[in-house]
Amino acid sequence: MDEGHEKVVETVLAGNYVEMEVEGKPKNVKSTISNFFWHGGSAYDAWFSCSSNQVAQVLLTLPYSFSQLGMLSGILFQVFYGLMGSWTAYLISILYVEYRTRKEREKADFRNHVIQWFEVLDGLLGKHWRNVGLGFNCTFLLFGSVIQLIACASNIYYINDNLDKRTWTYIFGACCATTVFIPSFHNYRIWSFLGLIMTTYTAWYLTIASLIHGQVEGVKHTGPAKMVLYFTGATNILYTFGGHAVTVEIMHAMWKPQKFKAIYLWATAYVLTLTLPSAAAVYWAFGDSLLNHSNAFALLPRSPWRNMAVILMLIHQFITFGFACTPLYFVWEKAIGMHECKSMCKRAAARLPVVVPIWFLAIIFPFFGPINSTVGSLLVSFTVYIIPALAHMFTFRSAAARENAVEPPPKFLGRWAGAYTINAFVVVWVFIVGFGFGGWASMTNFIHQIDTFGLFTKCYQCPPQLPPSPPLLNATAPITSPANTTHFQLLGSTHFHKP
């Protein structure tokens with residue numbers, strides 16, 4: 001009885017951050033305002049962070065995935081991968097609390113140290129697991145940051161096409177580099193809140209604007225037409241609900257990490273209220289036209305409402321860039337011995353080299369949409385699905401480990417037998433469908449984009465610039481030919497693509 005009580009007490013103590021405690025300290029107006037906007041460690045802050053980080057720019061590519069999958073498969077895959085992502089996020093949270101509790105029993109001090117996923121794997125399973133987890137996690141977050149940068153250039157082009165997308169990538173790369181000044185996820189309180197408002201507006205704009213626009217003339221819904229496109233679309237949805245590579249860092253920013261267990265599930269439930277209506281409505285309105293337009297903004301008519309959605313998504317992508325890049329900053333700081341430095345300016349300067357390869361990769365591979373599926377199949381499948389499921393199985397493989405587990409699986413899921421069954425299903429499904437078929441399909445599509453547009457393409461999926469009209473022989477004679485009128489109207493409303 002005493003031993004069990006001691007374990008409960010130690011579990012409750014896991015995650016009490018000394019540096020975050022403000023009780024007993026005098027408060028003034030400035031510190032109160034700073035705490036309200038800047039310092040967040042509650043369960044609500046974690047929910048906002050998860051919800052805001054999960055939906056991001058994929059909101060604009062999900063209609064493209066629906067055109068590849070068809071309406072029914074698109075809906076089913078969203079619900080299925082949403083539940084699977086919630087389960088593996090739960091596993092990551094359990095392993096974090098287990099690691100943290102064991103370390104605190106050994107009197108470890110985390111006041112100036114942010115725990116990361118590879119350290120959890122190292123502490124529970126050894127250096128080989130650490131190296132694999134570190135490799136996959138860093139590569140995924142690197143390309144996750146690249147995708148946000150590509151999305152910024154893709155979106156702003158629909159407001160201002162005076163500059164090509166590559167030039168916009170240069171500009172937004174410099175803007176996103178300012179995230180080096182945000183210390184940790186503990187300081188994303190106001191940004192997470194605003195980010196969720198922005199994606200909520202954009203999702204409902206896509207839904208309402210598509211319904212008001214109605215179906216385009218001759219709309220067709222042929223998906224799924226090809227197996228390559230089918231698995232490419234499915235893998236983009238796998239990527240959509242695989243945004244929990246930063247789960248450990250978000251938990252570490254909480255005052256009580258134990259409360260995280262169901263937060264990702266509730267975040268996913270809210271995200272589905274945004275992704276399902278918007279993707280379904282845009283696909284209903286435009287059908288197969290989406291196969292050549294990976295960004296949903298491309299098909300909706302220009303209006304103040306669309307411009308507002310574009311601007312809000314740009315701000316949100318800046319926030320999500322910070323979410324994806326901050327764990328990379330931590331890894332780099334630890335590698336060069338700057339992680340426990342008190343000066344934020346010195347840490348910010350040390351972080352800048354991390355942004356350079358992200359900037360460069362965004363210029364090489366500006367394939368907004370197809371790159372999501374490629375990252376999903378090759379990196380997300382292992383980083384946030386297969387490795388967490390296997391890590392949970394191996395951590396608690398012995399009877400003693402299961403007996404002393406800080407957080408055993410819930411009873412309604414069948415305790416350990418149920419957890420092992422679900423974990424085995426996740427590993428097999430994601431490896432075969434996500435990595436196997438998804439990897440084949442997404443790489444085929446990605447290579448097709450390279451063959452069609454080339455690396456370092458200046459303006460991906462941009463309509464070609466029309467040549468200037470030749471001077472008329474009689475400048476005063478009006479054009480009366482209906483054929484000419486129709487021809488110019490078509491030029492103004494049709495998107496052309498390089499064959």
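Atoms CH2 and CZ, on Trp117 and Arg130 in that order, are 14.5 Å from each other to the nearest 0.5 Å. Note that OG1 of Thr139 is 9.0 Å distant from CG of Leu328, once rounded to the nearest 0.5 Å. Remark: Leu390 CG to Arg397 CZ distance equals 12.0 Å, nearest 0.5 Å. The structure places OG1 of Thr199 at 10.5 Å from CG of Leu60, a figure rounded to the nearest 0.5 Å. How far CH2 of Trp266 is from OG of Ser86: 10.5 Å, rounded to the nearest 0.5 Å. One finds the CH2 atom of Trp129 at 13.0 Å from the CG atom of Asp122 (value rounded to the nearest 0.5 Å).
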Pair Thr247, Tyr264 - check side chain to side chain donor-acceptor pair (under 3.5 Å), show working.
CA-CA 9 Å; Thr247 297; Tyr264 198 86; over 6 Å; no
Side chain to side chain contact (heavy atoms under 4.5 Å, CB included) between Asn295 and Tyr157: does it pass, once the steps are laid out?
CA-CA 11 Å; Asn295 190 325; Tyr157 184 80; over 6 Å; no
Trp87 and Asn423: CA distance, side-chain angles, deciding distance, side chain to side chain donor-acceptor pair (under 3.5 Å) verdict:
CA-CA 9 Å; Trp87 170 255; Asn423 288 343; 2.9 Å; yes
Would you sort out whether Phe396 and Tyr420 count as a side chain to side chain contact (heavy atoms under 4.5 Å, CB included), showing the intermediate values?
CA-CA 10 Å; Phe396 299 107; Tyr420 268 71; 4.2 Å; yes
Take Asn236 and Thr61, measure what side chain to side chain donor-acceptor pair (under 3.5 Å) needs, and give me the verdict at the end.
CA-CA 8 Å; Asn236 186 40; Thr61 64; 3.2 Å; yes
Report the C-alpha separation of Gln78 and Thr275 in whole Å, then their side-chain angles, then the decisive distance to 0.1 Å, and conclude whether the side chain to side chain donor-acceptor pair (under 3.5 Å) test is met.
CA-CA 8 Å; Gln78 280 204 41; Thr275 58; 2.5 Å; yes
Given side chain to side chain contact (heavy atoms under 4.5 Å, CB included), test Phe172 with Leu314 step by step and report yes or no.
CA-CA 9 Å; Phe172 279 100; Leu314 286 172; 3.9 Å; yes
Please evaluate residues Trp204 and Leu274 with respect to the criterion side chain to side chain contact (heavy atoms under 4.5 Å, CB included), reporting the C-alpha separation (whole Å), side-chain torsions for both, the decisive distance (0.1 Å), and the verdict.
CA-CA 7 Å; Trp204 287 108; Leu274 305 181; 3.8 Å; yes
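A distance-only check finds a donor-acceptor pair linking the side chain of His316 to the backbone of Ser52 [under 3.5 Å]. Judged by distance alone, with hydrogens and angles left aside, the side-chain atoms of Asp45 form a donor-acceptor pair with the main-chain N or O of Ser42 at under 3.5 Å. Between the side chain of Thr88 and the backbone N or O of Gly85 there is at least one donor-acceptor pair closer than 3.5 Å. When atom types are taken as modelled, the side chain of Thr179 and the backbone of Cys176 share a donor-acceptor pair closer than 3.5 angstrom. In this structure, Trp359 contributes its side chain and Thr169 its backbone to a donor-acceptor pair below 3.5 Å.
Gln54 approaches Ala267 most closely through the heavy-atom pair OE1-O, 4.3 Å. The two atoms that bring Tyr205 and Ser303 nearest to each other are OH-OG, 4.3 Å, heavy atoms only. Contact between Phe286 and Val219 at its shortest, heavy atoms only, is C-CG2, 3.7 Å. Residues Leu95 and Leu124 approach most closely at O-CD1, 3.6 Å, considering heavy atoms. Nearest heavy-atom pair across Tyr158 and Arg306 is O-NH2, 2.6 Å. The two residues Tyr239 and Gly144 have their closest heavy-atom pair at OH-CA, 4.4 Å.
Within the structure, side-chain hydrogen bond (donor to acceptor under 3.5 Å, both in side chains) contacts touching residues 376-388 (residues at least two apart or in different chains) are Ser377-Ser442. Residue pairs meeting the side-chain hydrogen bond (donor to acceptor under 3.5 Å, both in side chains) criterion with at least one partner in residues 209-219, sequence neighbours excluded, are absent.
No side-chain heavy atom of Thr240 sits less than 4.5 Å from a side-chain heavy atom of Tyr81. Contact of the Ile75 side chain with the Leu276 side chain is registered, since non-hydrogen atoms from C-beta on lie closer than 4.5 Å. The shortest distance between side-chain heavy atoms of Tyr90 and Pro410 falls below 4.5 Å. Residues Met251 and Ile115 form no side-chain contact, since every pair of their non-hydrogen atoms from C-beta on lies 4.5 Å or further apart. With a 4.5 Å cut-off on side-chain heavy atoms, Lys261 and Glu407 count as touching. Side-chain contact between Ser192 and Phe323 is present, with at least one heavy-atom pair separated by less than 4.5 Å. Taking the side chain as every heavy atom from C-beta outward, Phe66 and Val282 never approach each other to under 4.5 Å. Taking the side chain as every heavy atom from C-beta outward, Leu62 and Ser278 never approach each other to under 4.5 Å.
When the shell of 6.0 Å around OH of Tyr201 is examined, it contains more than 12 heavy atoms from other residues, nucleotides or ligands. For Trp284, the CH2 atom is densely surrounded, since the number of other residues' heavy atoms within 6.0 Å is greater than 12. Annotation: Met308, atom CE; neighbour count of heavy atoms from other residues, nucleotides and ligands within 6.0 Å does not exceed 12. Within a 6.0 Å radius of CZ in Phe360, other residues, nucleotides and ligands contribute 12 heavy atoms or fewer. Other residues, nucleotides and ligands contribute more than 12 heavy atoms inside 6.0 Å of the NZ atom of Lys334. Few gaps surround OH on Tyr270; more than 12 heavy atoms of other groups in view lie less than 6.0 Å from it. Counting heavy atoms of neighbouring residues, nucleotides and ligands inside a 6.0 Å radius, atom CZ of Phe394 does not exceed 12 of them.
The aromatic ring centroids of Phe365 and Phe446 lie less than 6.0 Å from each other. When ring centroids are compared, Phe80 and Trp429 come within the 6.0 Å threshold. Taking the six-membered ring wherever Trp is involved, the centroid distance between the rings of Tyr44 and Trp47 does not fall below 6.0 Å.
For Val180, the side-chain contact (heavy atoms from CB on, under 4.5 Å) partners at least two apart in sequence or on another chain are Tyr329, Ala348, Arg351, Leu352, Val355.
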